[in-house]
Protein chains: 2
Amino acid sequence: MTKLMPYHCPIDAAMHVIEGKWKVLILWELREEARRFGALRRSLPGVSEKVLTQQLRELELDGIVHRRVHETVPPKVEYSLTEDGRSLNDALAPLGAWGARRVLPPDAPAGTAADTAA
Amino acid sequence: MTKLMPYHCPIDAAMHVIEGKWKVLILWELREEARRFGALRRSLPGVSEKVLTQQLRELELDGIVHRRVHETVPPKVEYSLTEDGRSLNDALAPLGAWGARRVLPPDAPAGTAADTAA
DNA sequence: CGGTATCCTAAGGGATACTG
DNA sequence: CAGTATCCCTTAGGATACCG
């Protein structure tokens with residue numbers, strides 16, 4: 001990601017932007033509103049400060065997220081999606097739907113809610 | 001991929017299936033017709049036999065590709081997409097479109113080709 | 001609060017050689 | 001032809017400590 005490459009297939013170009021363990025999760029977290037660094041960190045259990053910063057920087061370089069620094073004491077930094085970030089998120093939606101179908105099996109078409117209880 | 005996990009967001013479930021340097025390229029190569037191992041290998045410059053086998057096995061385990069062995073001499077093995085593979089490919093399409101837009105900039109709407117010269 | 005700076009490991013993946 | 005079997009190396013990412 002953030003690296004110039006000759007892409008064999010167009011999807012690969014997009015793949016390089018979202019490669020990184022936390023990238024799509026970040027995209028997902030920012031889908032609706034801007035979030036502060038700390039809030040983001042808390043909503044991504046297991047991520048270290050170093051790695052979160054790293055992935056945010058890469059997303060920023062790729063023009064996916066916007067970093068807004070409020071020059072206050074204590075510091076306050078807000079991350080939000082750019083226009084490109086929002087369109088990327090939209091492009092990711094069908095993939096999410098596909099994934100959802102695998103996780104929770106298709107289950108019954110209509111009215112047969114018996115097996116969704118588990 | 002092929003590993004059971006609690007997914008925080010549905011896209012992650014799909015991401016785990018296509019993680020691997022060559023997976024989406026394989027998907028892309030198989031999008032229209034079945035291919036033999038050797039043909040697949042030749043169309044993915046740089047991939048080693050070991051890794052190609054590995055990624056194909058994982059895709060097979062995930063129910064994305066089908067492996068058909070023709071018991072002949074010399075051996076002949078054909079890989080093709082399963083129903084799930086095809087739907088995954090479809091779900092990937094918007095991402096491909098998004099990627100394409102970044103690689104070849106949208107270019108001028110109409111007649112304003114001046115700044116695309118660089 | 002929101003970061004850098006270091007150090008370290010786990011694993012994905014490349015190269016090569018061998019096999020049914 | 002279509003794989004295994006090894007060996008090795010790079011790198012993403014985790015842990016921890018310190019800084020403006």
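Here is the naming used below: chain letters follow the sequence lines, and residue numbers restart at 1 for every chain.
Going from atom CD of A:E19 over to atom C1' of D:dG13 covers 14 Å, rounded to whole Å. Between the CG atom of A:L40 and the P atom of C:dC1 there is a distance of 15 Å, given to the nearest Å. Rounded to an integer number of Å, the gap from A:H16 NE2 to D:dA12 P is 11 Å. In this structure, B:E49 places its CD atom 9 Å from C1' of D:dC1, rounding to the nearest Å. When the C1' atom of D:dC1 is taken as reference, atom CZ of B:R35 falls 16 Å away, rounded to whole Å. Rounded to a whole Å, the CD atom of B:E58 is 13 Å from the P atom of C:dA11. The separation between A:R57 atom CZ and C:dG2 atom C1' is 9 Å, rounded to whole Å. Nucleotide C:dT4 holds its C1' atom 14 Å from the CZ atom of A:R41, rounded to whole Å.
Checked by atom type and distance alone, the side chain of A:R31 pairs as donor or acceptor with a backbone atom of A:W28 at under 3.5 Å.
Among the nucleotides D:dC1, D:dT4, C:dG13, the one closest to any side-chain atom of B:T53 is D:dT4. In this structure, the nucleotide among C:dG3, D:dA2, C:dG13 sitting nearest to the side chain of A:F37 is C:dG3.
Screening B:R68, B:K76, B:H70 against B:R36 for a side-chain contact (heavy atoms from CB on, under 4.5 Å) leaves a single residue, B:K76.
If B:A39 and B:K50 are placed on DNA chain D by their nearest nucleotide, the residue sitting closer to the 5' end is B:A39.
Contact annotation: B:R36 side-chain N/O to D:dC1 OP1/OP2 distance is not under 4.0 Å. Under 4.0 angstrom from either OP1 or OP2 of C:dG13 there lies at least one side-chain N or O belonging to B:Q55.
The distance from atom NE2 of B:H66 to atom CG of B:L30, rounded to the nearest 0.5 Å, is 12.0 Å. Remark: B:N89 CG to B:I18 CD1 distance equals 10.0 Å, nearest 0.5 Å.
Across B:S87 and A:W98, no two heavy atoms sit closer than the pair OG-NE1, 2.9 Å.
With 3.5 Å as the limit, one finds no donor-acceptor pair spanning the side chains of B:Y79 and B:R35.
Near DNA chain D, meaning a heavy atom under 4.0 Å from it, residues 65-82 of chain A has A:P75 in order of number.
Salt bridge annotation for B:K23-B:E58: present, with a cationic side-chain nitrogen under 4.0 angstrom from a carboxylate oxygen.
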